[in-house]
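Structure first, commentary second.
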Amino acid sequence: MHAIKLYSYGPAENLRYESVPDPLPGPGEIRIAVHAVGVHFIETLFRRGIPIGPHPAPDLPTTFGHEVAGVVESVGAGVGPGLLGSRVVTSEVTSGGYASLAVAPAAGLTVLPDGLEYGAAVAMLSTGATTLGLLEVAPVTASDVVLVMAAAGGIGTLLVQHAHRVGATVVGAAGGPAKAARVRSLGADLAVDYSTPGWTDVVRESVGDVTIVFDGVGGALGRTAFELLEGGRQVVFGQASGEWFHPEKDELTARGVTSYDALAYLLGRQGGMDDLQERALEAAANGELTPAVQSFPLEQAAAAHAALESRNTMGKVILTP
């Protein structure tokens, strides 16, 4: 089979496309013929040898990727043959998912709903489940004015769709005119390019007070978005800028804002993420939410990483063997 290997920390070009031995499923495991594997921004940091929170940089050599969708093509000891040929998705790959074959525990599989494509399944497994978790933290109603930062990204596009569907006034902010146009097509009432000066003035003049900010950017842009709130809620879930933004308590008190650390909520969520993943897959299958997917061939994993790092992507990035 073919896989992407990393032998030394560094730039995206260090990701190497190689022919490697097929992984073998052990007891209780299955092997999947991979049709799509998810790529995460955090993997670009690990590739550079940067630890993230409690997670150290991986030992080398390594193959990234824990989320794959595909077809079960062999099973290990103790796994019945009934799974063979099933279309499945999992977030528990143990052999590295940037590959044409991947091994995972049989117990961690979800059979795909009919009609759901592999790329969409990978997107909804993590991005979709996270989005539903954010909406548990800050439910959106028709009376809300919602500002979604990084609105052309995987989570952002889903937040825009949901807020539009429930009747909220939706402002989508993204970097560059092409991304702003994409956000507008998703149903945003106002799409702004936050790389241009004065974008917050446009928001104030167009929609007035913002009641919810979903911030996946952080840094200076996260602060600017926060300053559009007078009362309301801020939900912090990402740092696409490379820096988190969490307001100080006195700032929150002065503005009457409640701020939520969404990742802390998701990590401590009672019952874990399994039910959110199932709901997300069903939401995509029935057309309630449509994930944006940007696909790269497996052999172009380096290009996928480079695109993520340069913020030159729209939606969930996947690799297709």
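These numbers come from a predicted model, not from an experiment.
Within 6.0 Å of CD in Glu117 there are 12 or fewer heavy atoms belonging to other residues, nucleotides or ligands. Around atom CG of Asp250, more than 12 heavy atoms belonging to other residues, nucleotides or ligands sit under 6.0 Å away. Shown here is His40, whose NE2 atom has more than 12 heavy atoms of other residues, nucleotides or ligands within 6.0 Å.
Remark: of the listed residues Leu289, Val140, Val148, Val148 is the sole one forming a side-chain contact (heavy atoms from CB on, under 4.5 Å) with Leu159.
A single hydrophobic cluster is not seen to contain both Leu134 and Met149; linkage of ILVMFWY side chains at heavy-atom distances under 4.5 Å, directly or through other members, places them apart. Both Val71 and Leu125 belong to a common hydrophobic cluster when Ile, Leu, Val, Met, Phe, Trp and Tyr are linked at side-chain heavy-atom distances under 4.5 angstrom. Put simply, Val170 and Phe214 are part of the same group of oily side chains (I, L, V, M, F, W, Y) that touch within less than 4.5 Å, one to the next. Residues Phe245 and Val137 are members of separate hydrophobic clusters, defined by side-chain heavy-atom contacts under 4.5 angstrom among Ile, Leu, Val, Met, Phe, Trp and Tyr. Note on Ile32 and Val89: separate hydrophobic clusters, where clusters join Ile, Leu, Val, Met, Phe, Trp and Tyr whose side-chain heavy atoms are under 4.5 Å apart, directly or indirectly.
For the pair Val75/Arg31, no side-chain contact is recorded, criterion being any heavy-atom separation below 4.5 Å from C-beta on. Within the 4.5 Å cutoff, side-chain heavy atoms of Pro23 are placed close to those of Leu101. By the 4.5 Å heavy-atom criterion applied to side chains, Asp189 and Val171 are not counted as neighbours. Under the 4.5 Å side-chain criterion, counting only non-hydrogen atoms from C-beta, Thr320 is not in contact with Leu298. Side chains of Ile212 and Val145 form no contact here, defined as non-hydrogen atoms less than 4.5 Å apart. For the pair Arg16 and Ile4, the minimum side-chain heavy-atom distance is 4.5 Å or more. Counting only heavy atoms from C-beta outward, the side chains of Val93 and Val103 never approach each other to under 4.5 Å. In this structure the side chain of Pro105 reaches within 4.5 angstrom of the side chain of Thr94, judged on heavy atoms.
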- Go through the steps for Arg255 and Glu230 under the test salt bridge (Lys or Arg N to Asp or Glu O under 4.0 Å), then give the verdict. CA-CA 5 Å; Arg255 291 186 174 275; Glu230 293 291 342; 2.6 Å; yes
- Going through the checks in order, is the side chain to side chain contact (heavy atoms under 4.5 Å, CB included) test met by Glu282 and Glu278? CA-CA 6 Å; Glu282 287 296 335; Glu278 291 178 7; 5.7 Å; no
- Message: Between Arg279 and Glu136, is the salt bridge (Lys or Arg N to Asp or Glu O under 4.0 Å) condition met? List the steps.
- Response: CA-CA 13 Å; Arg279 285 166 48 199; Glu136 286 186 343; 3.6 Å; yes
- Item | Worked verdict on Leu84 versus Glu73 for side chain to side chain contact (heavy atoms under 4.5 Å, CB included) | CA-CA 6 Å; Leu84 289 171; Glu73 55 91 66; 5.8 Å; no
- Task: With side chain to side chain contact (heavy atoms under 4.5 Å, CB included) as the test, would you mind laying out the steps for Leu319 and Val34 before giving the verdict?
- Result: CA-CA 10 Å; Leu319 302 175; Val34 178; over 6 Å; no
- Task: Please assess Glu18 against Glu299 for the test side chain to side chain contact (heavy atoms under 4.5 Å, CB included), listing each intermediate value before the final yes or no.
- Result: CA-CA 9 Å; Glu18 296 184 347; Glu299 59 267 28; over 6 Å; no
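Between the Thr44 side chain and the Phe41 main chain, a donor and an acceptor come within less than 3.5 Å of each other. At least one donor-acceptor pair closer than 3.5 Å links the side chain of Arg87 to the backbone N or O of Leu116. A donor-acceptor contact shorter than 3.5 Å links the side chain of Ser241 to the backbone of Glu243. Using a distance-only test at 3.5 Å, with no hydrogens or angles considered, a donor-acceptor pair links the side chain of Ser185 to the main chain of Arg182. Put simply, the side chain of Asp144 never gets that close to the backbone of Ala168: no donor and acceptor are under 3.5 Å apart. When atom types are taken as modelled, the side chain of His66 and the backbone of Ser91 share no donor-acceptor pair closer than 3.5 angstrom. With Gln239 contributing its side chain and Gly216 its backbone, the two residues share no donor-acceptor pair below 3.5 Å. At distances below 3.5 Å, at least one donor-acceptor pair connects side-chain atoms of Thr224 with backbone N or O atoms of Ala220. Side chain of Thr211 to main chain of Gly232: no donor-acceptor pair is present (N/O by atom type, distance under 3.5 Å, no hydrogens or angles). One N or O on the side chain of Thr90 and one on the backbone of Gly108 form a donor-acceptor pair closer than 3.5 Å.
Separation of atoms CD (Glu251) and CD (Gln234) is listed at 9.5 Å; rounding is to 0.5 Å. Rounding to the nearest 0.5 Å gives a distance of 15.0 Å between CZ of Phe226 and CG of Leu221. Distance OG/Ser74 to CG/Leu24: 8.0 Å, rounded to 0.5 Å. Here the straight-line distance linking atom CG of Leu147 with atom CG of Leu229 works out to 8.0 Å at 0.5 Å rounding. In this structure, CG on Asp261 lies 12.0 Å from CZ on Phe237, to the nearest 0.5 angstrom. The CD atom of Gln300 sits 9.5 Å away from the OG atom of Ser295 when rounded to the nearest 0.5 Å.
Side chains of Tyr98 and Glu43: a donor on one and an acceptor on the other come within 3.5 Å. No hydrogens or angles considered: nothing links the side chains of Glu288 and His162 as a donor-acceptor pair under 3.5 Å. For the residue pair Asp193 and Thr196, no side-chain donor N or O sits within less than 3.5 Å of a side-chain acceptor on the partner. Side-chain atoms of Gln294 and Thr313 form no donor-acceptor pair, as typed in the model, at a separation below 3.5 Å.
Closest non-hydrogen pair, Leu186 versus Ala151, comes out as CD1-O, 4.3 Å. Annotation for Gly128 and Leu158: closest pair CA-CD1, 3.7 Å, computed over non-hydrogen atoms. Heavy-atom minimum distance, Ala123 versus Val293: CB-CG2, 4.1 Å. Minimum interatomic distance between Leu83 and Ala106 (heavy atoms only, all atoms of both residues): CD1-CB, 4.2 Å. The minimum heavy-atom distance between Ala69 and Tyr118, with the atom names listed, is CB-O, 3.6 Å. Contact detail for Val213 and Ala225: the closest heavy-atom pair is CG2-O, 3.7 Å.
Geometric assessment of Arg47 against the ring of Tyr9 yields a negative cation-pi assignment under the 6.0 Å and 45° thresholds. By the 6.0 Å and 45° rule, Arg233 does not stack over the aromatic ring of Tyr260.
Using bins of under 30°, 30° to 60° and over 60° for the plane-to-plane angle, the ring pair His2/Tyr17 lands in the parallel bin.
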